[in-house]
Colleague: 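Got a structure for you, written out below as structure tokens; questions coming shortly.
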Amino acid sequence: MDKKIVIPGDLLSENTKKAGYGTYVKNDKIYSSFCGIENLKEDKVGVIPLAGAYIPSVNDVVIGIVIVVTPSNWIMDIASPYDGLFHVSEYPRRVESREMSEILNIGDSVILRVRDVDSSMKIELALRDSNFYKLKTGQIVEVEPVKVPRVIGHGGSMISMLKKETNCSIFVGQNGRIWIDGKDDDVELLSKALRKIELEAQRSGLTDRIYNFLKDERIRQKESKPAKFFRSGKKEVKATAEDHSEEIYRKIDVLLDPMN
């Protein structure tokens with residue numbers, strides 16, 4: 001059964017202690033602030049908006065893309081109406097102005113933390129992890145920011161299942177940018193799954209639906225591949241220095257830990 005769609009002003013609960021995101025309290029009752037999906041939990045009542053731009057908050061973890069390099073700042077597109085400033089002083093070592101574009105150049109993608117947001121929406125950024133700063137491999141998939149909670153799932157259930165079933169590394173930015181890396185077929189499969197999550201975010205039992213979708217797609221992949229009669233004599237190519245190491249993947253897992 002699909003989850004209930006609510007509009008602004010719909011009554012959600014008469015227990016004001018359960019007011020959560022996307023709600024407001026009036027006359028000791030909880031009402032919806034958005035047009036979205038009712039999100040009922042044991043201790044909270046909330047609303048997941050159906051659409052909306054990403055508005056940065058302090059300590060959000062996002063994927064930014066360099067759009068301008070200045071002598072002291074990297075200006076980042078963070079998939080928001082507001083650009084972010086990543087000041088050179090936030091880099092883990094001293095960087096001269098002439099080195100700025102060597103460290104991060106236009107088009108480079110970075111995992112960042114929102115360090116500060118002022119009243120004029122000046123967004124200051126910092127590295128989420130000083131030992132992990134630039135995404136050199138993989139690709140970025142963008143979903144609507146309001147659908148990010150559905151990609152993660154309750155307690156990380158959805159993202160854990162996606163990692164296991166696709167054999168891919170995944171990092172979900174709160175701004176709707178998702179970094180994925182793995183073998184070509186696995187990345188393609190994961191991309192399809194993410195699109196399906198975005199389209200069906202309002203459906204209940206979504207984790208099970210996506211799990212079954214991945215299983216069916218795996219079967220189709222196997223059926224569409226021609227049979228192999230000869231074993232290739234080529235030796236496996238070792239990863240280059242540009243590839244993410246096992247240590248980097250470990251750091252990704254740490255970043256995904258909901259306790260962090």
Colleague: With a 4.5 Å cut-off on side-chain heavy atoms, are K183 and N167 touching?
Modeller: no
Colleague: Check P56 against S80 and note the closest heavy-atom contact, atom names and distance.
Modeller: CD-OG, 3.5 Å
Colleague: Starting at CG of L135, measure out to CZ of R177 and round the result to the nearest 0.5 Å.
Modeller: 11.0 Å
Colleague: Do R218 and D186 sit within salt-bridge range, that is, some charged N less than 4.0 Å from a carboxylate O?
Modeller: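 Here R218 pairs with D186 in a salt bridge, since their nearest N and O are under 4.0 Å apart.
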Colleague: Indicate yes or no for a side-chain donor-acceptor contact from W74 to the backbone of S101 under 3.5 Å, with no hydrogens or angles considered.
Modeller: no
Colleague: With side-chain hydrogen bond (donor to acceptor under 3.5 Å, both in side chains) as the test, would you mind laying out the steps for D118 and S120 before giving the verdict?
Modeller: CA-CA 5 Å; D118 69 13; S120 66; 2.8 Å; yes
Colleague: Give a yes or no answer on whether the side chain of K147 reaches the backbone of E198 with a donor-acceptor pair at less than 3.5 Å.
Modeller: yes
Colleague: Say whether, by atom type as modelled, one donor and one acceptor occur between the side chain of E90 and the main chain of H87 under 3.5 angstrom.
Modeller: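 No, the answer is negative, given that no donor and acceptor are paired below the 3.5 Å cut-off.
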Colleague: Give a yes or no on whether the backbone of I75 and the side-chain of D83 come within a donor-acceptor separation of less than 3.5 Å.
Modeller: no
Colleague: Please examine the side chains of I103 and D108, heavy atoms only from C-beta on, and report whether any two atoms are closer than 4.5 Å.
Modeller: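 Side-chain contact under 4.5 Å: no.
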Colleague: Under 4.0 Å between a side-chain nitrogen and a carboxylate oxygen: does that hold for R220 and E223?
Modeller: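 The answer is no: the pair does not qualify as a salt bridge.
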Colleague: Closest heavy-atom contact between S109 and I63?
Modeller: CB-CG2, 4.4 Å
Colleague: Could you tell me whether the side chain of M100 reaches within less than 4.5 Å of the side chain of V95, counting heavy atoms only?
Modeller: yes
Colleague: Taking R203's backbone N and O only, do any of them form a donor-acceptor pair with R150's side chain (distance below 3.5 Å, no angle check)?
Modeller: yes
Colleague: Let me check something: do V117 and I78 share a hydrophobic cluster, defined by ILVMFWY side-chain heavy atoms less than 4.5 Å apart, either directly or through other members?
Modeller: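 Shared cluster, yes.
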Colleague: So does E165 pair up with K215, basic N to acidic O under 4.0 Å?
Modeller: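 A salt bridge links E165 with K215.
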Colleague: Same cluster for Y54 and V146 if Ile/Leu/Val/Met/Phe/Trp/Tyr side chains link at under 4.5 Å?
Modeller: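 Each belongs to a different hydrophobic cluster.
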Colleague: Determine the interplanar angle of the F86 and Y91 rings, folded into 0 to 90°, and report it as parallel if under 30°, tilted if 30 to 60°, perpendicular if over 60°.
Modeller: tilted
Colleague: Compare every heavy atom of L189 with every heavy atom of E217, then report the nearest pair and how far apart it is.
Modeller: CB-CD1, 3.2 Å
Colleague: CG of D216: more than 12 outside heavy atoms within 6.0 angstrom?
Modeller: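 Enclosed.
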Colleague: Does CZ belonging to R93 count more than 12 external heavy atoms closer than 6.0 Å?
Modeller: yes
Colleague: If you measure from OG on S57 to CD on Q174, what distance do you get to the nearest 0.5 Å?
Modeller: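 Going from OG on S57 over to CD on Q174, the span is 8.5 Å.
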Colleague: So do the side chains of I197 and L162 get within less than 4.5 Å of each other, counting heavy atoms only?
Modeller: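 Yes; the side chains approach each other to less than 4.5 Å.
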Colleague: Check the surroundings of atom CG in N27: do more than 12 heavy atoms from other residues, nucleotides or ligands lie under 6.0 Å from it?
Modeller: no
